[in-house]
Amino acid sequence: MDRRIALLIVLLAEVLLIDGGSLTAAVALAATATAAAGSALVVCAVISARCAPAVPRTRVRTAIRDREQRTAFLPQRDPDARGRSRPRAPGRLLPTAA
């Protein structure tokens, strides 16, 4: 493992010293480092997703049923209920609205 890291450092130093530290070499190095970090992140995500325990379907159904029972629904409003005035039908415009 140490030999691989040393070889990588030597190769990267060679590229940077041969090009004289040009912008192209720096951009290439940055792109390579970003790609390596991204691929390592993807590999870690896949490994952790495979290690997650599977949830039984019965537990999911129970959770959905419990959530449904906790949900409070407002009663439907009855426009004909006692104490409610009937909504007025649209009529002619009021003089103040003209």
Ignoring hydrogens and angles, write down the donor-acceptor pairs under 3.5 Å from the side chains of residues 33-52, residues two or more places apart or on other chains.
{"unit_1": "T34", "atom_1": "OG1", "unit_2": "A30", "atom_2": "O", "d": "2.8"}
{"unit_1": "S39", "atom_1": "OG", "unit_2": "A35", "atom_2": "O", "d": "3.2"}
{"unit_1": "S39", "atom_1": "OG", "unit_2": "A36", "atom_2": "O", "d": "2.9"}
{"unit_1": "S48", "atom_1": "OG", "unit_2": "C44", "atom_2": "O", "d": "3.2"}
{"unit_1": "S48", "atom_1": "OG", "unit_2": "A45", "atom_2": "O", "d": "3.0"}

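With sequence neighbours left out, the side chain to side chain contact (heavy atoms under 4.5 Å, CB included) criterion links T32 to no other residue.
Considering OG1 of T58 and CZ of R65, their distance stands at 9.5 Å, rounded to 0.5 Å.
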